[in-house]
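Each chain gets a letter, A, B and so on, in the order its sequence line appears, and its residues count up from 1.
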There are 2 protein chains.
Amino acid sequence: MNAAQEIKDKGLKVTTSRVKVLDILQPDGLALSHMELEPMLGKIDRITLYRILNDFEEVGLVHKVIDLDGVTRFALCKHNCTTHHHNDNHLHFNCTACHKMYCMDNLPIATVSLPKGFTATGQSTIIYGLCSGCN
Amino acid sequence: MNAAQEIKDKGLKVTTSRVKVLDILQPDGLALSHMELEPMLGKIDRITLYRILNDFEEVGLVHKVIDLDGVTRFALCKHNCTTHHHNDNHLHFNCTACHKMYCMDNLPIATVSLPKGFTATGQSTIIYGLCSGCN
DNA sequence: TTACATTTGCAACTCTGTTGCATAAAGAAT
DNA sequence: ATTCTTTATGCAACAGAGTTGCAAATGTAA
Ligand SMILES: [Mn+2]
Ligand SMILES: [Mn+2]
Ligand SMILES: [Zn+2]
Ligand SMILES: [Zn+2]
């Protein structure tokens with residue numbers, strides 16, 4: 001499906017900025033930061049980019065993940081996420097050389113048994129090391 | 001062991017600010033943020049606190065962990081960490097109600113098998129849900 | 001094509017973290 | 001105890017990330 005249609009299906013107005021942002025996030029399965037996205041987008045205001053990404057996250061088009069350096073990154077949702085309900089409970093891999101962050105769908109997530117009194121609703125795991133490009 | 005001695009053993013000068021910071025981090029096993037630490041410390045300059053925590057991390061007195069909201073937190077090391085070599089490869093629990101972050105020593109860490117080309121040197125897992133105080 | 005609702009760009013602001021520099025404090029030598 | 005040297009501290013100034021208010025521009029539907 002094309003970006004404009006996905007945006008419309010989520011109930012958002014189709015604007016050139018939003019289409020461009022979604023197109024850039026499409027292909028790779030990588031989670032990109034604001035600093036990486038801004039130069040790829042031309043002359044879009046950085047505040048607009050903040051608002052677009054936040055809107056996309058709210059309607060389930062992208063998910064947010066904070067990497068090991070504390071940098072916020074965004075990646076496409078692939079599992080029918082909807083407004084305020086994300087299904088992106090997958091692992092992420094953060095390369096310590098090139099700092100790329102990969103969404104690792106299809107990897108199993110271990111269940112942890114917590115001490116009495118604690119109840120888990122989810123977990124966020126970032127594995128770090130060298131990616132296939134840096135190895 | 002008392003805070004002053006621990007600081008001296010790591011080759012750092014024993015100052016009143018450093019002792020106070022280490023004393024505050026001692027008891028609970030919680031990872032505290034700058035915003036939480038500053039009011040507990042009285043009149044210590046915030047830049048000084050940044051430098052103290054960074055120095056403590058470098059010599060292996062504390063470790064840093066970024067919570068689910070992207071807030072940087074610091075907690076005591078408990079496993080003979082040394083300069084530039086940390087052994088704090090444990091899970092963390094982030095309460096979604098009170099936002100406390102707990103160091104979960106003694107919980108097993110699952111090993112993940114990655115796609116070809118990727119090699120892991122470690123992982124960082126944050127489990128979220130309700131803590132014993134909020135349940 | 002007009003009219004309405006939403007989005008965008010800009011200014012201003014907060015919060016986090018870093019660096020340079022003069023002063024204060026710690027530790028060692030005398 | 002006093003001096004000396006090194007390190008730590010406080011302050012100012014700055015850079016980056018993220019938010020909000022508001023007027024102008026744009027999208028959509030009538
Ligand atoms: Mn992801
Ligand atoms: Mn910890
Ligand atoms: Zn890499
Ligand atoms: Zn709690």
With DNA chain D as reference, determine whether B:Arg46 or B:Asp55 sits nearer its 5' end, using the nearest nucleotide of each.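 It is B:Asp55, whose closest nucleotide lies nearer the 5' terminus.
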
When the nearest nucleotide of DNA chain D is assigned to A:Lys8 and to B:Thr15 on a heavy-atom basis, which residue is associated with the more 5' position?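 The residue whose closest nucleotide sits nearer the 5' end is B:Thr15.
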
With hydrophobic residues grouped by side-chain heavy-atom distances under 4.5 Å, do A:Leu107 and A:Tyr128 end up in a single group?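 No, because A:Leu107 and A:Tyr128 fall into different hydrophobic clusters, even though each may have its own neighbours under 4.5 Å.
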
B:Ile66, A:Leu68: one ILVMFWY side-chain cluster at the under-4.5 Å cut-off?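 Different hydrophobic clusters.
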
Would you say a side-chain N or O of [X] is under 4.0 Å from OP1 or OP2 of [N]?
X	N	value
A:Thr72	D:dG18	yes
A:Asn54	D:dT19	yes
A:Arg18	C:dT7	yes

Do the side-chain N and O atoms of A:Gln5 and A:Asp9 include a donor-acceptor pair separated by under 3.5 angstrom?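 Indeed, the side chains of A:Gln5 and A:Asp9 share at least one donor-acceptor pair under 3.5 Å.
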
Base, sugar-phosphate, or nothing for A:Val71, non-hydrogen atoms under 4.0 angstrom?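 No contact.
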
Rounded distance in Å - CG (B:Leu53) to P (C:dT18):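 It is 11 Å, rounded to the nearest whole Å.
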
Closest listed nucleotide, where the reference is the side chain of [X] and the choices are [options]:
X	options	value
A:Ile52	C:dC10, C:dT8, C:dT18	C:dT8
B:Thr48	C:dT16, D:dG10, C:dA11	D:dG10
A:Ser17	C:dC10, D:dG18, C:dT8	C:dT8

More than 12 heavy atoms from other groups under 6.0 Å of NZ on A:Lys100: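 Open.
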
So which one's nearest nucleotide on DNA chain C is more toward 5', B:Glu38 or A:Ile44?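 In this pair, the answer is A:Ile44.
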
Residue whose closest nucleotide on DNA chain C lies nearer the 5' end, B:Arg51 versus B:Thr16: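 This one resolves to B:Arg51.
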
What is the minimum heavy-atom distance between A:Leu114 and A:Thr119, and which atoms define it?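 Taking A:Leu114 first and A:Thr119 second, the nearest heavy atoms are CD1-C, 4.2 Å.
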
Heavy-atom pair with the smallest gap, counting every atom of A:Val14 and A:Ala4: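 Taking A:Val14 first and A:Ala4 second, the nearest heavy atoms are CG2-O, 3.5 Å.
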
Angle between terminal axes - the helix from C:dT1-D:dA30 to C:dT30-D:dA1, 5 pairs each end, rounded to 10°: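 Overall, the helix from C:dT1-D:dA30 to C:dT30-D:dA1 bends by 30° from one end axis to the other.
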
